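One structure below.
Naming convention: chains lettered A, B, ... in sequence-line order (proteins, then strands); numbering from 1 in each chain. Computation of the quantities below employed the complete heavy-atom set of this structure, encompassing side-chain atoms and omitting hydrogens, waters and symmetry-equivalent molecules. Since the model is a prediction, treat every value here as computed from it, not as a measurement.
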Number of protein chains: 2
Amino acid sequence: MNQTKTSYHHGDLRSSLLDVATQLIAEGGVDALSMRKLADRVGVSRTAPYHHFTDKHALLSALAEEGFKAYEHSLRETMAGVSDPDEWLPCFAHWYLSFAQANPELYNLMFGQNVWKAGEPTEQLKGQAHGCFRRYVEMVSDWQQRGLIANDMDPLRFAQVSWSTLHGMSRLLLDGIYVDIKHLDEVVDLAISMFRAAGIKPQSTD
Amino acid sequence: MNQTKTSYHHGDLRSSLLDVATQLIAEGGVDALSMRKLADRVGVSRTAPYHHFTDKHALLSALAEEGFKAYEHSLRETMAGVSDPDEWLPCFAHWYLSFAQANPELYNLMFGQNVWKAGEPTEQLKGQAHGCFRRYVEMVSDWQQRGLIANDMDPLRFAQVSWSTLHGMSRLLLDGIYVDIKHLDEVVDLAISMFRAAGIKPQSTD
DNA sequence: AAACAAACTTGACATCGTCAATATAAAGCT
DNA sequence: AGCTTTATATTGACGATGTCAAGTTTGTTT
C-alpha cells in the first residue's frame, strides 16, 4: 500500500499527493498544508508536485473534486436506506449537516473561497458542483410532485433558499461562530418545518 | 488629513494602521493585506505595527470589530426609516444581503474563519458578535408579538434558522458559488415568505 | 537631570510558493 | 540494438511573508 520509493520515479505520485494532502489537512486544517511539507511527507523533492498540479490552487481544487464525489456517494447511500417519503426531506437536511460536521476541512475546500474565489475554479470542479446542485433541484421537484412540499414554488428558488439555509448553518458551525452544537438538531428540525410550511399563505385579511 | 510623519513617533499609528488596512483589503481582498505592505504604506517600519497589535490575527480582529460597529450602525439607520411594520422583516432581509454585497471583504472578516477559527477570537469581538445576534433575537421576539411571524416558535431557534439562511446566501454569493446575482431579490423574497409561513402547520390529515 | 517606559528601527530567521536549469528514467522509433 | 523524445524528478535560487531579538529614539515621570 505504501510507496516503495526506491526508484527515481515515484510511479503514482499524483494520487499519493492527494492522499497525503488529505491526511495533512485532516491533521491541522488547510493552513497546515504546504507544498513543501506535502512533498517532504511523500518523500519527493519540493517541486515534484508541480508536474502533476500546476498550482497549489490546482491541488486544492482536485481535493475539492474528490470531496464532491464523496458527497454524492454519501448522499446516495444515505437516501437509499430511507423508504418513507415523509422522511426524505428531514433525512436530507440532517445528513447535510452531518456531512459538513464529519468532514469540516473537506467542506471548507468544497465551498470555500480557497477554491472558488482566488484563482478561477476548474471547469471540472464547476461541473461537479453544478451537478450536485442540479440533482438537488431535481430532488426538490420530486418532493413537490409527491406533495411533500408546496408545488406552487419554483423548485429552483426553493432549492436555492433551502440550500442556503443548510449551507449557512454548516458554515456558522464549522467556523466556530455557532458554538452551541448541543441544540443543532432542534435548529435543523425548525428549518425542516419551515421548508415544509413554505408556499403556504399565512391567513391574510382578504 | 494625511500623516505628517516627520517625527520618529507617528502619534496615531493604531488608527492609521486600521485605516490603511481597510484600504488595502478593499483594493485586493484580505489576501492582499500583508503586515509589511501595510507598514510600508503607512510609512513605518515592518515591525512597528506589532507594538499596537500582537498579531496579524489581532489586527484582523480589530477590523472585524469595526465591521460589527458599521453593521449595527447601518442596520439601525436602515430600520429607522421604515415605519410600516409589515416591511420590517423583508427590509431586514434585503438589507442584510445588501450589506454583505456592499462590504464583501468586511463581511468575510466578520464571519470568516480568519478571525473565528485560527487563533481564538478576542473577548471583545465575541461580545460584539453575540450582541448583534442577541439584538436580532429581540427583533424576532418583537415581530412575533406584533403577529408578523408565528409566535409559537422559540424566537432563538427562529433567529438561528433565518440568520443561517441569510448568512448562507451571503456566503454563496460572496464566495462566487452563486453567480446568478440577477435573481437574488427573488431568492430573498422566497426566503422572506418562508420566514412568514414558518410555524404554520401544513394541512395535515388528522 | 536621571530614570523609565513607550514607540519605533534594523537585522535576522524560518517558511512559503514557484521559476529555471538540470538530471534521470521510461517509451517510442529506426 | 541504439538513438531520440518525452515524462518525471532534482537542486538552486528568488522574492514575499510573519515575527522574534536586540538596539535606538522619544516622551514622561521623578
Will you find, in the side chains of N114(A) and H57(A), an N or O donor that is under 3.5 Å from an N or O acceptor?
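Judged by distance alone, the side chains do not pair up.
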Contact list for DNA chain C against residues 20-35 of chain A - heavy-atom distance below 4.0 Å
L33(A), S34(A), M35(A)
Report yes if the side chains of [X] and [Y] come closer than 4.5 Å at any heavy-atom pair, otherwise no.
{"X": "Y178(A)", "Y": "H167(B)", "result": "no"}
{"X": "S61(B)", "Y": "F53(B)", "result": "no"}
{"X": "L172(A)", "Y": "Q160(B)", "result": "no"}

Atom pair distance, as rounded to whole Å: [atom1] in [X] and [atom2] in [N]:
{"X": "L38(B)", "N": "dA16(D)", "atom1": "CG", "atom2": "C1'", "value": "15 Å"}
{"X": "K56(B)", "N": "dC20(D)", "atom1": "NZ", "atom2": "P", "value": "14 Å"}
{"X": "K37(A)", "N": "dC16(C)", "atom1": "NZ", "atom2": "C1'", "value": "10 Å"}
{"X": "R36(A)", "N": "dA13(D)", "atom1": "CZ", "atom2": "P", "value": "13 Å"}
{"X": "F53(B)", "N": "dT19(D)", "atom1": "CZ", "atom2": "P", "value": "13 Å"}
{"X": "R46(A)", "N": "dA9(D)", "atom1": "CZ", "atom2": "P", "value": "15 Å"}
{"X": "D55(A)", "N": "dC16(C)", "atom1": "CG", "atom2": "P", "value": "17 Å"}
{"X": "D12(A)", "N": "dA7(D)", "atom1": "CG", "atom2": "P", "value": "18 Å"}

Check: K37(A) main-chain N/O paired with S34(A) side-chain donor or acceptor under 3.5 Å:
yes
Out of [options], which has the shortest distance to the side chain of [X]?
{"X": "T47(B)", "options": "dT10(D), dC8(C), dT19(D)", "answer": "dT19(D)"}
{"X": "Y50(A)", "options": "dT9(C), dT18(C), dA9(D)", "answer": "dT18(C)"}
{"X": "H52(B)", "options": "dT9(C), dT10(D), dA7(C)", "answer": "dA7(C)"}

Would you say the base of dA9(D) and the side-chain of H51(A) have a donor-acceptor pair closer than 3.5 Å?
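Flag set: donor-acceptor pair detected.
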Salt-bridge contact E65(A)-K69(A) (side-chain N to carboxylate O under 4.0 Å):
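Here E65(A) does not pair with K69(A) in a salt bridge, since their nearest N and O are not under 4.0 Å apart.
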Kindly assign one of parallel, tilted or perpendicular to the pair Y71(A) and W163(A), based on the angle between their ring planes and the thresholds 30° and 60°.
tilted
